[in-house]
Visitor: 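Take this structure, written in structure tokens, and hold onto it; I'll ask about it next.
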There are 2 protein chains.
Amino acid sequence: MAFLQVTFRIEAPADEAQAVAESVLLEQTVETPAEVAERDPYVREHMMGKITKIVPVSDGAVLATMDLPTVTASLDVAQFLNVLFGNASLHERVSLESFDPPDDLLAAYPGPQFGIGGIRERLGVPVRPLTCSALKPVGLPLPKLGEICRAFAMGGIDIIKDDHYLADHPFTPFRQRVDACQEIVQEVSAQTGRTTIYCPNLSGTPDTVRRQMEYAQERGVGAVMMAPMLLGLPLFAELVRSHSEVPVLVHPSFAGSTRIRPDTLLGRLFRMLGGDAIIFANYGGRFSYSAETCAGLARAMRSSWQHIRPAFPVPAGGMTVERAPELVNFFGNDTILLVGGSLLAAGDALLERTRAFTDAVASTVPAADDQHGRTQAQDI
Amino acid sequence: MAFLQVTFRIEAPADEAQAVAESVLLEQTVETPAEVAERDPYVREHMMGKITKIVPVSDGAVLATMDLPTVTASLDVAQFLNVLFGNASLHERVSLESFDPPDDLLAAYPGPQFGIGGIRERLGVPVRPLTCSALKPVGLPLPKLGEICRAFAMGGIDIIKDDHYLADHPFTPFRQRVDACQEIVQEVSAQTGRTTIYCPNLSGTPDTVRRQMEYAQERGVGAVMMAPMLLGLPLFAELVRSHSEVPVLVHPSFAGSTRIRPDTLLGRLFRMLGGDAIIFANYGGRFSYSAETCAGLARAMRSSWQHIRPAFPVPAGGMTVERAPELVNFFGNDTILLVGGSLLAAGDALLERTRAFTDAVASTVPAADDQHGRTQAQDI
């Protein structure tokens, strides 16, 4: 019988750890006293799971690894989350460290439909890092967003995305925004011969998001953005699997609210559910992830993993044009650098500043191209 | 202009707090440097929000209250979450303490469709606390679940719910389970003259959950259970609003993974989105909530709040029959006591133990009936 292997971090001294781990195992399996569960032979044989390893870590916590039965976990995304970290999340001392689904469970998940190779192919950019910027701030009227979109496209940005606060607002209604921005990137592409992707943000009720996705794809957009933790993971997964025909850019809004290790949530779970390029808060910006955490995120997104295509890491969050060479060196070529405010701060010189950014990215050759779990030649 | 008032807890010494609060305000509004955002008059006037209060709390943290523009927050649940705690959740030092929507925003949310009064009416139980138990462990074949269901119903349980791990499994397929359990509670009700509600757990992809809800309602079930954090809040809200004709019991699975104060998430947000009865980990059980936190949860669920009906608090999680009088005294009459494993542990004596539980609840008169934010006379 195949098991879902899950590792929890438990804040407890080593002598209490076994008891806490056992209670977490019960919580994530039969959720009754063991003597009740074990009365039934099928339950006893198939439902109990087991603890396979408890490793003390330096700071008074342990990593407890357990095998959970896949018969309960394998039905759908909601049930998978339930078994992965449902009730265990209610234990303050427990956080989710990592998970490893068995092949038969993983086979039910398509992973990214495009991944690094598919996005590169759409853009016709085989090697260098990609560039991305955001249309913002929310509240700008559509003509002003359009001007920014044009400057980004003329300046050589590969992917122009909506700010994640842009929804179907009266000041920039979704359909009008998609029409206008998609027309602009097509016009500029026709002039320059360079493909630029416009990527609208999808947000709303399940029905609304589905309609937005259909509309955007009919208009020919090259990608769409969604925030899985805002929409809910089952809805996100269903949209990717059943409705999406373009690469999916993942936004991390609300994802930091979890007690799940970032590379597990953003790098592994979002990728497994179909994210092609995944935005995260980069080190040295507005947020507090360390360089080590960011390297781990990139590794989780790009590492070899059965049939699951590698996804692009998209470091973001207060990045500056000046840091482009450093970031190319740190993350390597298979990266999308997302710079927003640092371009917009240029005001009337937006086009020049955008060009400075895209030139810096194009002209930097990373010192070594095997950074954080991936060589450039893979999967392109 | 009406504002969404949000209070964040920020772990920072008082002299840094102002700067951190300002960065959180930018993050939750225009998400660009202020000088970029302020260039546009509409953005400057309508999108910036403001900090209204910073109060140091005893342990070296502050509570920062800010007014956020509702024009960005009011479109739908996903966007509301985005503005409430989207990117701010990525700041490790920031957690969500509380929120207060203005009347025009709140008016867009129906709250519980039944609430305490509606559930009491369906059961014909005007005053005493209600009782609830769970069909488990997952893995039991349907006939065994049916036996447990019958014993609970004969023993006087008001609401018999599925364990939250029960999904559409091969060993207890959803439709067969609903057919069998609903037939049992109807049979027993016909014998005893007492209404018993069977409450199936809905889980799956968005389409599946919708179909499950329709099927269960066609079969006449008296309530349904959903876990909003597993399904995603937009899907949960849409299902309640557009598809549910019965009371909704809310399960907290995956809800503990957030850095949101429990009464704010479970008591306020789940209630606002339509939860009629909300399960939480009680003090003194398997989980670590304090009695004070639980009192706050009950208060948040039952307090008077515009047009939003009060919801039942459902303390659970390792409760025992023996604690019934204590819990009735602590939570008062307008409570649903959920006891699972402590009944099932009785084995062959399940019916007797169930009767002991329901008798204890029925015969305990709480010392005072204004516990935790609510008097019994309200809304029944």
Side-chain angles (χ1 to χ4, degrees), chain A residues 23 30-33 35-37 40 42-43 46-47 72 75-79 81-82 85-87 89-92 136-141 144 163-165 167-168 203-206 208 227 230-235 238 252-260 281 286-288 340-341 344-345, chain B residues 23 30-33 36-37 40 42-43 46-47 72 75-79 81-82 85-87 89-92 136-141 144 163-165 167-168 203-208 227 230-235 238 252-260 281 286-288 340-341 344-345:
Chain A
S23 74
V30 291
E31 208 211 352
T32 55
E35 63 273 19
V36 172
D40 184 84
Y42 182 87
V43 173
H46 294 98
M47 294 298 179
T72 42
L75 292 171
D76 60 73
V77 176
Q79 186 67 3
L81 280 176
N82 203 5
F85 194 48
N87 272 15
S89 80
L90 299 166
H91 288 272
E92 275 173 19
K136 62 183 181 182
V138 61
L140 282 190
K144 287 204 186 177
D163 180 36
H164 76 292
Y165 283 125
D168 193 14
S203 173
T205 67
T208 310
L230 294 179
L231 296 178
L233 292 171
L235 176 61
E238 190 172 86
S253 182
F254 203 51
S257 72
T258 62
R259 283 187 298 105
I260 303 177
R286 299 198 303 269
F287 302 87
S288 50
L344 295 168
Chain B
S23 74
V30 291
E31 208 212 349
T32 57
V36 172
D40 184 84
Y42 181 86
V43 174
H46 295 98
M47 295 297 177
T72 43
L75 293 171
D76 60 73
V77 176
Q79 185 66 6
L81 280 176
N82 202 4
F85 194 47
N87 272 15
S89 79
L90 299 165
H91 288 271
E92 278 174 16
K136 61 184 181 179
V138 61
L140 282 189
K144 287 206 187 175
D163 180 37
H164 77 292
Y165 283 126
D168 193 14
S203 173
T205 67
D207 283 346
T208 309
L230 294 179
L231 295 178
L233 292 171
L235 176 61
E238 190 173 86
S253 183
F254 203 53
S257 73
T258 61
R259 283 187 296 106
I260 303 177
R286 299 197 305 269
F287 301 87
S288 51
L344 295 168

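Lettering follows sequence order; numbering is per chain, from 1.
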Visitor: Heavy-atom pairs under 4.5 Å with chain A - which of P33(B), A37(B), A345(B), S23(B) has more of them than the others?
Guide: A345(B)
Visitor: Please state whether the side chain, the backbone, both or neither of Y165(A) comes within less than 4.5 Å of a heavy atom of chain B.
Guide: both
Visitor: Measure V77(A) against the heavy atoms of chain B and call it side chain, backbone, both or neither at under 4.5 Å.
Guide: neither
Visitor: Looking at E92(A), E35(A), K144(A), Q79(A), which one has more heavy-atom pairs under 4.5 Å with chain B than the rest?
Guide: Q79(A)
Visitor: Who among L81(B), V43(B), N87(B) has the most heavy-atom pairs with chain A under 4.5 Å?
Guide: N87(B)
Visitor: If you count heavy-atom pairs under 4.5 Å with chain B, which of P141(A), G341(A), G340(A), P206(A) comes out on top?
Guide: P206(A)
Visitor: Taking the side chain as every heavy atom from C-beta outward, state whether N82(A) and S203(B) have any atom pair closer than 4.5 Å.
Guide: no
Visitor: Check each atom of D163(A) against the heavy atoms of chain B and say whether the ones under 4.5 Å are side chain, backbone, both or neither.
Guide: side chain
Visitor: Among G232(A), A227(A), A281(A), G139(A), who wins on heavy-atom pairs under 4.5 Å with chain B?
Guide: G139(A)
Visitor: Kindly give the heavy-atom pair with the smallest separation between P234(A) and G204(B), and that separation in Å.
Guide: CB-O, 4.1 Å
Visitor: Over all heavy atoms of both residues, which pair between F85(A) and F254(B) is shortest? Give the atoms and the distance, please.
Guide: O-CD1, 3.4 Å
Visitor: Could you check whether T205(A) and D76(B), counting side-chain N and O atoms only, form a donor-acceptor pair closer than 3.5 Å?
Guide: no
Visitor: How long is the span from the CG atom in L235(A) to the CG atom in D207(B), to the nearest 0.5 Å?
Guide: 9.5 Å
Visitor: Using only atom types and a distance under 3.5 Å, with no angle test, would you say the side chain of K136(B) pairs donor to acceptor with the backbone of E31(A)?
Guide: yes
Visitor: Could you tell me whether the side chain of P137(B) reaches within less than 4.5 Å of the side chain of D40(A), counting heavy atoms only?
Guide: no
